[in-house]
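Accompanying notes for the structure given below.
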Amino acid sequence: MAGVSGGNDFQWCFSQVKGAIDEDVAEDFGGYVASLELVVGSDRVPDVTVLRPSDIISTVEFNYSGELLATGDKGGRVVIFQHEQESKNRPQLRGEYNVYSTFQSHEPEFDYLKSLEIEEKINKIRWLPQQNSAHFLLSTNDKTIKLWKISERDKRAEGYNLKDEEGRLRDPFRISSLRVPVLMPMDLMVEASPRRIFANAHTYHINSISVNSDHETYLSADDLRINLWHLEITDRSFNIVDIKPANMEELTEVITAAECHPHQCNVFVYSSSKGTIRLCDMRAAALCDRHSKFFEEPEDPSSRSFFSEIISSISDVKFSHSGRYMMTRDYLSVKVWDLNMENRPVETYQVHEYLRSKLCSLYENDCIFDKFECCWNGSDSAIMTGSYNNFFRMFDRNTRRDITLEASRESSKPRATLKPRKVSTGGKRKKDEISVDSLDFNKKILHTAWHPKENVIAVAATNNLYIFQDKIN
Amino acid sequence: MILKGQKRKLPPEDPDHTEETTAELEGQRQLVLYISLNKYQHGQVLAEPSLRRSVLIANTLRQITLEAAMGKDGGSPTPCGAAAAVHTKEDGCTGMATPDRQFTVTVHNSHSAAASDFSSPPDPQFGVASSRHQADFQVSTPDVCIEGGSEDWESMSSDPDFSLSAAISSILTTLESSIDGNHGGSPAAPRTPLRSLENLAALEGDGASKQGVRGPSWGGWERAEESRATDSCVEVMRSSYLGDLALDDIFQDIDTSLLERELGVLGARGEGHPSGEELLRYLPSLSSTVPSFSSFSSSSSSSSSSPFLSINQNMWCLPSFSSFNPTTTPSGSPFFSSSSFPSSSFPSPSSSSYPGQGLARDGLELDHVMEVLVES
């Protein structure tokens with residue numbers, strides 16, 4: 001499809017990149033110390049970077065207002081960026097995102113009963129709607145969900161009677177007068193404290209969490225079960241879906257993603273590894289093993305292959321902001337479903353159809369099991385998902401146009417407009433096109449997020465976080 | 001142009017072309033099967049075991065066997081035609097006879113050198129050529145046997161499917177035991193709605209198999225941090241021999257002290273002592289199949305579905321078990337290898353001896369003694 005230019009289309013330009021240390025600029029990224037450059041003598045050895053696995057970003061999420069952007073990584077850390085106010089000097093540039101808070105959310109654990117290590121990798125972060133000056137988010141690894149409170153402290157009480165300024169106790173007999181402590185401004189300090197820990201409810205690996213629209217409950221889904229929690233209660237949860245067969249030999253399907261409906265607090269969906277989505281209504285029964293709606297597209301017999309089932313496995317499901325549609329991501333495509341129509345999606349977008357002929361080798365190197373995420377923009381008019389070679393794709397639902405962009409250092413000049421990329425499938429490779437065989441399958445963009453109100457996107461490329469903004473015309 | 005009244009004739013099929021496409025499909029199936037089996041083996045070694053991945057691989061394997069079976073029956077709607085059915089049979093049944101088209105025991109061991117030394121078992125191991133295929137695979141490489149030659153496949157026609165389906169069922173069983181900690185397909189506890197899950201850890205923990213054995217103790221298998229619960233089956237098997245109360249009566253005169261000492265080294269004893277119910281579960285089957293134990297060395301094509309044999313199948317197919325020292329034991333699984341049973345001489349490993357090797361040796365001696373007991 002043709003690229004995007006002018007008109008109502010977006011013109012994405014580079015804003016920031018977080019995570020790697022450039023040779024010129026060494027900023028403090030609040031805990032991200034991702035890559036080193038080897039300097040051999042006076043020469044530099046380019047492209048030799050040492051990647052720490054713990055710095056690989058594993059989830060990206062804007063909060064409800066878009067002011068905060070949270071990332072989780074494989075080392076169990078959460079880094080929150082805050083949108084700075086626009087500067088008066090450069091009004092054409094929206095404010096930047098700077099590090100707001102960094103904390104260690106999860107630590108590696110060891111399950112002694114099963115002799116298995118529990119990874120500290122953050123699988124998902126979900127923000128809670130803001131109700132007071134503090135911010136709350138849920139972060140989860142494979143087994144445990146934690147509710148974190150992020151609060152600011154910019155004032156400090158001074159003038160205590162019993163303590164002096166250094167905190168030492170004053171001799172009570174020497175106190176001759178009383179004074180009232182006064183709040184004095186101090187440097188902003190952002191504290192993150194765990195308020196709730198929801199543990200021991202999942203035998204299998206948690207793949208999704210989703211906050212309900214009632215702001216009191218949330219669901220957590222692992223491979224075979226979905227639990228419903230109350231945010232205040234940590235010692236119990238309700239199991240609402242269980243697809244574990246009595247005989248594990250009969251297991252053929254697992255849960256891959258789940259999400260609560262954005263407006264109806266009784267509705268949620270979960271997707272499976274067989275390419276099906278089930279919508280459940282919690283009012284119907286306490287156990288939602290029986291779905292209310294079943295979404296599945298009939299298979300095209302002409303394109304059947306040994307890998308049909310694997311590539312039909314849904315890796316992500318997201319409701320639209322309106323609540324009327326939902327989007328699913330399988331290996332090669334993104335599909336938009338109308339909740340009122342179960343037998344087929346209303347829109348299908350091919351992400352990287354050129355990989356269909358390479359499925360065997362992708363199966364061999366395990367790339368076929370990659371779980372790509374997808375996201376809506378604030379108005380539900382566009383959707384975005386990632387691909388390989390640090391490419392990510394955007395689809396405009398109204399104009400049916402799509403664009404492929406790359407998150408790379410080379411195209412990361414400040415406010416530089418991103419150039420559309422193209423993968424050549426045929427024999428003839430035009431200039432600036434990349435052939436399928438030269439794609440780097442180790443550079444995959446699995447996690448992307450779109451600002452809920454503005455045209456700002458965050459793209460996680462392995463250990464780097466790219467932030468792109470739409471140029472304000 | 002078709003004249004009125006003339007029937008259209010189907011253009012004569014090019015038999016070579018048909019053979020090629022079906023051969024391609026067959027080759028692709030072989031390749032995918034090979035990759036899938038290999039992948040499941042190595043999936044055990046992954047840092048992040050993924051149930052979704054294992055289930056998808058198992059489903060792919062199942063689909064391949066189904067298609068192979070349907071192709072064999074001849075009445076399949078799949079692209080495989082009748083010609084393919086012949087090829088399927090021949091491919092599946094070609095055993096060790098063609099050296100240059102070696103089929104390795106991919107279920108057992110991904111190391112071709114070790115596996116290709118399987119000499120005796122008449123149970124043909126369903127496998128694909130061991131050579132690594134390039135990423136963009138093109139079919140009809142010489143290593144992939146397309147024409148089976150003049151093998152007599154009729155007598156062996158049922159075996160590849162059985163061995164493969166047995167492999168799949170064993171994979172799924174180990175799936176269950178690895179993720180859930182259960183083994184033997186115990187029925188799920190009755191689920192009450194709105195139950196609280198405070199004691200979930202305890203509930204699941206009761207069924208969890210005791211895995212006191214870590215990677216390094218299994219003879220050099222380098223994954224030190226995680227141990228898949230595939231060892232659970234092994235654990236139970238070992239412990240079912242190793243002097244529990246009921247078994248002590250049967251094997252009073254067997255000197256298991258060395259064995260127990262080995263176990264002490266492995267650290268399996270303390271945590272690994274299985275609960276009584278688990279042993280009792282296996283005991284009846286043990287007694288019923290002991291007489292046939294000596295026959296296990298020969299063709300394993302029996303269709304017995306006893307848990308005992310199914311455990312043996314699990315052990316047979318356990319990659320961790322057989323691959324702990326690829327340079328030595330040509331006979332694969334040290335416990336139930338058909339070619340080495342009932343010989344008590346165990347080929348000494350060329351590299352340093354692992355505790356697991358010693359354990360295997362003792363296990364073999366135990367088996368030998370058991371057979372002696374039975375026969376007497």
Side-chain angles (χ1 to χ4, degrees), chain A residues 53 110-117 119 121 142 199-205 207 222-224 227 235-240 242 244-256 273-274 285-287 304-310 313 357-358 360-366 368-369 371 437, chain B residues 28-29 31-32 35-36 38-39 47-53 55-60 62-64 67 79 133-137 169 172-173 175-177 179-182 185-188 191 193-201 204-205 208-209 211-214 225-229 231 271:
Chain A
F110 195 77
D111 182 344
Y112 296 99
L113 209 55
K114 296 184 186 171
S115 306
L116 288 176
E117 201 176 85
E119 276 202 332
K121 174 167 76 96
D142 284 339
N200 298 326
H202 285 280
T203 312
Y204 305 97
H205 293 336
N207 53 53
D222 65 22
D223 289 323
L224 297 179
N227 293 334
D235 62 349
R236 70 195 68 194
S237 68
F238 296 136
N239 176 247
I240 51 177
D242 189 336
K244 184 183 168 202
N247 184 2
M248 277 294 269
E249 286 198 14
E250 298 163 13
L251 178 66
T252 56
E253 195 174 9
V254 297
I255 298 172
T256 52
S273 58
K274 282 195 169 174
L287 295 168
R304 178 155 181 77
S305 74
F306 295 112
F307 311 105
S308 293
E309 179 175 328
I310 299 183
S313 170
S357 56
K358 308 281 181 190
C360 196
S361 46
L362 292 168
Y363 180 58
E364 201 172 338
N365 63 13
D366 263 7
I368 208 172
F369 299 109
K371 294 186 74 171
D437 298 313
Chain B
Q28 185 180 19
R29 176 181 301 122
L31 176 66
V32 175
I35 295 174
S36 302
N38 235 356
K39 197 169 281 302
E48 302 176 28
S50 167
L51 182 62
R52 167 182 166 262
R53 184 176 175 275
V55 166
L56 288 173
I57 293 171
N59 288 350
T60 307
R62 191 183 288 120
Q63 178 198 345
I64 291 174
E67 285 186 5
H133 292 263
Q134 296 305 312
D136 290 306
F137 80 95
S169 65
L172 292 172
T173 312
L175 254 181
E176 164 208 343
S177 54
I179 294 294
D180 198 35
N182 296 325
S186 55
R191 189 166 58 114
L194 308 186
R195 70 165 181 180
S196 55
L197 295 176
E198 310 95 298
N199 296 324
L200 185 69
E204 295 294 345
S209 58
Q211 303 156 48
V213 184
R214 299 288 172 274
E225 298 157 54
E226 285 181 352
S227 76
R228 302 282 285 181
D231 295 347
E271 291 297 314

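Letters go in sequence order (proteins before strands), and every chain restarts at 1. Both backbone and side-chain heavy atoms feed into the values below; hydrogens, waters and symmetry mates do not. Computed from a prediction, not measured in an experiment: that's the story for all the values here.
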Inset, instruction - For the pair D437(A) and K358(A), find out whether any cationic side-chain nitrogen is under 4.0 Å from an anionic carboxylate oxygen. - result: yes
Legend entry - Region of S308(A) in contact with chain B, defined by heavy-atom distances below 4.5 Å: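 Neither the backbone nor the side chain of S308(A) comes within 4.5 Å of chain B.
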Legend entry - chain B contact via L224(A) - side chain, backbone, both or neither, heavy atoms under 4.5 Å: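 Side chain of L224(A) only, per the 4.5 Å heavy-atom cut-off to chain B.
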Legend entry - Contact leader toward chain B among S273(A), S313(A), A285(A), where contacts are heavy-atom pairs under 4.5 Å: S313(A)
Legend entry - Which of T252(A), V254(A), I310(A) touches chain B most, by non-hydrogen pairs under 4.5 Å: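 Heavy-atom pair counts peak at T252(A).
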[X] [atom1] to [Y] [atom2] distance, which is reported to the nearest 0.5 Å:
| X | Y | atom1 | atom2 | result |
| --- | --- | --- | --- | --- |
| H202(A) | N239(A) | NE2 | CG | 8.5 Å |
| L31(B) | I64(B) | CG | CD1 | 9.0 Å |
| R53(B) | K371(A) | CZ | NZ | 13.5 Å |

